[in-house]
Undergrad: 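Below is a structure I'd like to ask you about.
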Amino acid sequence: MSEFEISRLREPELVFAGGEKAKDPRAGLLEYGPCPPRDGSDHEIVRIGIVGDSWSISAVRDLLEEMRHGVLPEGSDRERWNQPFPGLGSESELQMSFDQRQKWRSEIEGDHVDALQEVRDEEQQVEMALDNIEYHIENVCSTTPSPDVVIVSIPPELVEILTGDKKGGRIRTKDTDFRSRIKLLGMLNETPTQLIGPDTLRDEDVQPRREVAWNLAVGLLYKARRGRPWKLTELKSRTCYVGVSFYDERGTDSDTRASIAQVFMETGENFVIRGDPVKDIASDKDTGRTHLNREDAKQLIETILRRFGDRQGEMPERLVIHKSSNFWEKETEGFKDGSSEVAARDFITIRERHPIRLFSNTQYPPLRGTVVLPPGKKEYYLYTKGFVPEISAYDDSGMPKPIVVRPHSEVQSASYREICEEILSFSKLDWNSSDFCKKLPVTVGIADAVSDILAEPLAGELPEEMFPYHYYYYM
């Protein structure tokens with residue numbers, strides 16, 4: 001190990017109400033409250049719509065009512081990982097309340113669920129169920145005023161019919177994914193959705209009830225206000241951060257793929273860009289990973305920079321691209337061509353696994369933020385998970401494993417510390433959760449979830465002017 005260099009980065013800070021800073025999302029929310037909405041109000045009233053059968057609607061309302069009063073942890077231990085949920089209302093530290101009106105509830109009738117049992121074709125079953133849910137989402141969203149978020153609580157009997165498994169499971173056919181289609185139905189009604197499964201409502205979820213309350217509150221707040229509960233202090237001004245990934249369009253030629261880009265700005269704004277479907281996209285025979293050709297890479301980056309300029313009023317001075325695959329030569333040339341007027345660029349490959357492990361001479365695992373530089377320094381190994389001194393905890397199981405950070409040998413403007421600090425920061429931007437951090441930065445960590453939604457045939461049929469680019473629709 002003498003040829004390896006090991007250092008530790010400082011923990012990134014987050015910004016909350018009043019510009020106050022904290023390193024732990026929950027600590028910041030409890031101490032200062034979330035970043036205020038753009039209208040400057042101090043208290044957020046989230047209008048909640050609910051779609052489900054009579055049992056699941058009642059169970060969701062019970063959960064929301066429990067959240068209003070607060071959820072205590074099990075036992076007497078009140079450490080960060082066993083922290084009580086503080087409750088909601090005018091006196092709540094979270095500065096939010098739920099508004100649940102009868103007109104924002106739409107009940108899936110038992111007769112419809114029973115009728116599905118008579119259908120033998122799996123595809124037809126799923127389509128019938130989705131058609132019915134679409135009707136109920138439209139019913140809720142057509143009210144005035146309409147809800148900010150619609151909770152779709154899938155009835156247990158419906159899950160059992162569509163999966164054949166009483167404990168649930170993913171509902172997916174050749175041409176559609178149940179969750180992704182529901183997300184799209186919300187987009188078409190200009191209302192973000194939140195799915196809650198029967199296991200969560202029965203308190204059979206692997207997460208304790210207080211964790212469900214914390215994560216649900218943060219997710220609903222983000223979707224309702226159409227903006228972030230916290231933002232990062234670490235992102236550089238006039239830098240455009242991009243996560244590029246790929247997906248197969250379901251229901252089309254298996255060779256047809258498309259690219260997507262998740263774009264993040266230092267203001268905390270973020271949005272999704274869909275690339276054009278292409279058939280001559282390159283594929284690595286050894287890894288199966290996908291790569292863009294030169295022209296498509298150029299067009300994608302030009303679109304990204306144009307959208308960035310439209311929002312910021314000026315073009316970026318620096319472009320950072322994160323991918324989970326290596327940058328092929330033609331792909332790199334296209335990205336460079338499309339960003340030729342950007343002064344500084346960093347093209348970075350981020351992989352989730354590497355066999356290297358660090359072992360501490362103490363009882364604790366390696367610290368989060370530890371960076372290992374091997375001989376040659378062509379790639380770095382970054383611990384985004386590990387023991388966190390700021391909360392005196394390691395919030396995972398097993399030995400932590402580093403991610404691989406591989407800057408492009410020819411397109412790198414920042415130091416390894418700056419690159420890794422930014423990645424560490426992006427591991428704290430999943431607003432569907434109040435966790436201290438995730439293993440992967442959000443630029444690549446939720447690419448599969450976004451891809452699953454855009455892979456739906458219905459998404460491919462949307463004209464550009466109707467395309468839902470706001471990030472909160474996908475969470």
Undergrad: Can you check whether Leu292's main-chain N or O pairs, donor with acceptor, with Glu331's side chain at less than 3.5 Å?
TA: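 Yes.
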
Undergrad: Under the ring pair (Phe, Tyr, Trp, His ring centres under 6.0 Å) rule, collect the residues that match up with Tyr380, sequence neighbours excluded.
TA: Tyr416

Undergrad: Considering only residues two or more places apart or on different chains, which pairs with a residue in residues 135-147 satisfy salt bridge (Lys or Arg N to Asp or Glu O under 4.0 Å)?
TA: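 Of all non-adjacent pairs touching residues 135-147, none passes salt bridge (Lys or Arg N to Asp or Glu O under 4.0 Å).
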
Undergrad: Closer than 4.0 angstrom, basic N to acidic O: yes or no for Arg318 and Asp346?
TA: yes

Undergrad: Just by modelled atom types, is the Phe436 backbone N or O under 3.5 Å from a matching donor or acceptor in the Lys23 side chain?
TA: no

Undergrad: Distance-only, no hydrogens or angles: does the Glu295 side chain make a donor-acceptor pair with backbone N or O of Ala297 under 3.5 Å?
TA: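 No.
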
Undergrad: In this structure, are over 12 heavy atoms from other groups packed under 6.0 Å from Lys236 atom NZ?
TA: yes

Undergrad: Quick check: closest heavy atoms across Thr233 and Leu14, and the distance to 0.1 Å?
TA: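 Heavy atoms of Thr233 and Leu14 come nearest at CG2-C, 4.3 Å.
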
Undergrad: Would you list the pairs meeting side-chain hydrogen bond (donor to acceptor under 3.5 Å, both in side chains) in which at least one residue belongs to residues 402-411, sequence neighbours left out?
TA: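 Applying side-chain hydrogen bond (donor to acceptor under 3.5 Å, both in side chains) to every pair that reaches into residues 402-411, excluding sequence neighbours, yields Asn326-Arg406, Thr332-His408, Glu379-Arg406.
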
Undergrad: Check side-chain contact (heavy atoms from CB on, under 4.5 Å) between Tyr469 and all other residues, then give those that pass, not counting sequence neighbours.
TA: Phe271, Arg311, Phe467

Undergrad: Checking Ile182 against Leu130 for the side-chain contact (heavy atoms from CB on, under 4.5 Å) test, could you report, in this order, the C-alpha distance in whole Å, the side-chain angles of both residues, the deciding distance, and whether it holds?
TA: CA-CA 7 Å; Ile182 291 174; Leu130 286 168; 4.0 Å; yes

Undergrad: Identify, with sequence neighbours excluded, every residue that meets ring pair (Phe, Tyr, Trp, His ring centres under 6.0 Å) alongside Trp214.
TA: Phe85

Undergrad: Side-chain contact test, heavy atoms from C-beta onward, threshold under 4.5 Å: evaluate it for Trp230 versus Val15 and give yes or no.
TA: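 Trp230 does not reach Val15 side chain to side chain.
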
Undergrad: Just jot down the side chain to side chain donor-acceptor pair (under 3.5 Å) partners of Thr193, sequence neighbours excluded, or say none.
TA: none

Undergrad: Provide the closest heavy-atom pair for Val242 versus Ala261 in the form atom of the first, atom of the second, distance.
TA: CG1-CB, 3.9 Å

Undergrad: Determine the interplanar angle of the His470 and Tyr473 rings, folded into 0 to 90°, and report it as parallel if under 30°, tilted if 30 to 60°, perpendicular if over 60°.
TA: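 Tilted, since the angle between the ring planes falls between 30° and 60°.
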
Undergrad: Do NZ/NE/NH1/NH2 and the carboxylate oxygens of Arg26 and Glu211 come within less than 4.0 Å?
TA: yes

Undergrad: Taking only residues two or more places apart in sequence, or in another chain, which ones meet Tyr222 in a ring pair (Phe, Tyr, Trp, His ring centres under 6.0 Å)?
TA: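 Ring pair (Phe, Tyr, Trp, His ring centres under 6.0 Å) list for Tyr222, sorted by chain: Trp431.
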
Undergrad: Can you sort out the partners of Gln312 under side chain to side chain donor-acceptor pair (under 3.5 Å), two or more places apart, ordered by chain and number?
TA: none

Undergrad: Roughly how far, to the nearest 0.5 Å, is OG1 of Thr191 from CH2 of Trp104?
TA: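 Interatomic distance, Trp104 CH2 to Thr191 OG1, rounded to 0.5 Å: 11.5 Å.
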
Undergrad: If you define the side chain from C-beta out and look only at heavy atoms, does anything of Val411 sit under 4.5 Å from Ile321?
TA: no

Undergrad: Do the non-hydrogen side-chain atoms of Phe246 and Lys323 ever get within less than 4.5 Å of each other?
TA: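 Of all side-chain heavy-atom pairs linking Lys323 with Phe246, at least one is under 4.5 Å.
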
Undergrad: If every non-hydrogen atom of Pro366 is compared with every non-hydrogen atom of Pro400, which pair is closest and at what distance?
TA: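 That would be CD-CG, 3.8 Å.
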
Undergrad: Strictly by salt bridge (Lys or Arg N to Asp or Glu O under 4.0 Å), give each pair with a member in residues 181-194 just once, sequence neighbours left out.
TA: Glu127-Arg181, Arg181-Glu456

Undergrad: Please enumerate all residues that pass salt bridge (Lys or Arg N to Asp or Glu O under 4.0 Å) together with Asp337, with sequence neighbours excluded.
TA: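 For Asp337 the salt bridge (Lys or Arg N to Asp or Glu O under 4.0 Å) partners, ignoring immediate neighbours, are Arg294.
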
Undergrad: Taking the side chain as C-beta and beyond, is there a heavy-atom pair between Asp24 and Glu390 under 4.5 Å?
TA: no

Undergrad: Within a strict 4.5 Å, meaning less than it, do heavy atoms of the Asn270 and Gln262 side chains meet?
TA: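 Answer no - side chains too far apart.
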
Undergrad: With sequence neighbours excluded, tell me which residues meet side chain to side chain donor-acceptor pair (under 3.5 Å) with Thr173.
TA: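 Partners of Thr173 under the side chain to side chain donor-acceptor pair (under 3.5 Å) test: Glu123.
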
Undergrad: Table please: side-chain donor-acceptor pairs of residues 439-446 below 3.5 Å, with sequence neighbours left out.
TA:
residue	atom	partner	partner atom	Å
Lys439	NZ	Glu352	O	3.3
Thr443	OG1	His322	ND1	2.8

Undergrad: So that I can tick it off, tell me whether Asp148 and Arg47 are bridged by a salt bridge, with the cut-off set at under 4.0 angstrom between side-chain N and carboxylate O.
TA: yes

Undergrad: Where is the tightest heavy-atom contact between Cys420 and Leu9, given as atom of each residue plus distance?
TA: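 Looking at all heavy atoms of both residues, the closest pair is CB-CD1, 3.5 Å.
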
Undergrad: Please test Ile423 against Val405 for side-chain contact (heavy atoms from CB on, under 4.5 Å), starting from the C-alpha separation and ending with a verdict.
TA: CA-CA 9 Å; Ile423 291 172; Val405 180; 3.7 Å; yes

Undergrad: Any side-chain heavy atom of Phe16 within less than 4.5 Å of one from Leu29?
TA: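 Phe16 vs Leu29: side chains touch.
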
